Amino acid sequence: MVLNRDGSYTGFIRVLFKLTRPVSLPPPRKASSPQEEGQQEGGLKHRTSFYLPKDTAKHLHISSRTRAREVIEALLNKFTVVDNPAKFALFERSERENQSECP
């Protein structure tokens with residue numbers, strides 16, 4: 001961690017994903033076949049949903065002033081996930097002795 005002039009700290013956090021439901025990606029921007037082209041023009045939009053592999057991890061550079069909601073939004077943007085950020089929560093996990101989790 002680095003102490004900034006304004007008294008805030010910056011550094012990296014490791015986020016470990018423990019998702020219990022699939023996440024959704026936006027529909028492709030370009031149609032790859034004439035059939036898909038017609039579906040997109042007709043107003044049908046297909047999202048791709050999938051499960052992230054168990055214990056997927058991502059590192060983020062944040063400051064001590066970064067809010068939990070901003071962390072969630074940054075993670076969703078990194079994976080181009082279009083799900084509502086309000087459906088996700090962050091929990092702090094200590095890898096010392098107890099491995100307790102708390103929101």
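Since the model is a prediction, treat every value here as computed from it, not as a measurement.
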Applying a strict under-4.5 Å side-chain criterion to I, L, V, M, F, W and Y, I'd like to know whether [X] and [Y] cluster together.
| X | Y | result |
| --- | --- | --- |
| L52 | L75 | yes |
| V81 | L19 | yes |
| V82 | F17 | no |

Correct closest heavy-atom pair for L60 and A74 would be CD1-CB, 4.3 Å

Would a distance-only check, ignoring hydrogens and angles, find a side-chain to backbone donor-acceptor pair under 3.5 Å from T80 to N77?
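Not confirmed, T80 side chain does not pair with N77 backbone.
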
Main chain of D6, side chain of N4: is a donor-acceptor contact present, judged purely on distance under 3.5 Å?
no

Hey, does V15 have a side-chain heavy atom less than 4.5 Å from the side chain of I13?
yes

Are Y51 and P22 close enough that some pair of their side-chain heavy atoms sits under 4.5 Å apart?
yes

Gap separating the [atom1] atom of [X] from the [atom2] atom of [Y], nearest 0.5 angstrom:
| X | Y | atom1 | atom2 | value |
| --- | --- | --- | --- | --- |
| N84 | I72 | CG | CD1 | 10.0 Å |
| D83 | S49 | CG | OG | 7.0 Å |
| K87 | L76 | NZ | CG | 11.0 Å |

Go through it in stages, so that I can follow the logic: the residues are V71 and L90, the test is side-chain contact (heavy atoms from CB on, under 4.5 Å), and I'd like the CA-CA distance, side-chain angles, deciding distance and then a yes or no.
CA-CA 9 Å; V71 172; L90 290 178; 3.8 Å; yes

Between V2 and Y9, does a side-chain contact (heavy atoms from CB on, under 4.5 Å) hold up when you go through it step by step?
CA-CA 5 Å; V2 176; Y9 288 91; over 6 Å; no

Report yes or no: is the cationic atom of K58 (NZ for Lys, CZ for Arg) under 6.0 Å from the centre of the six-membered ring of F79, at an angle within 45° of the ring normal?
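Checked: cation-pi criterion met.
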
So, is the end of the R21 side chain (NZ or CZ) under 6.0 Å from the ring centre of F88 and within 45° of the ring's axis?
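Flagged: R21 positioned over aromatic ring of F88.
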
Going by atom types only, do S64 and S8 share a side-chain donor-acceptor pair under 3.5 Å?
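There is no such pair between these side chains.
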
Should F12 and H59 be marked as a ring pair (Phe, Tyr, Trp, His ring centres under 6.0 Å) after you check the CA-CA gap, both sets of side-chain angles, and the distance that decides it?
CA-CA 6 Å; F12 286 90; H59 290 87; 7.3 Å; no

Check step by step if side-chain contact (heavy atoms from CB on, under 4.5 Å) holds for T10 and I62.
CA-CA 6 Å; T10 57; I62 64 167; over 6 Å; no

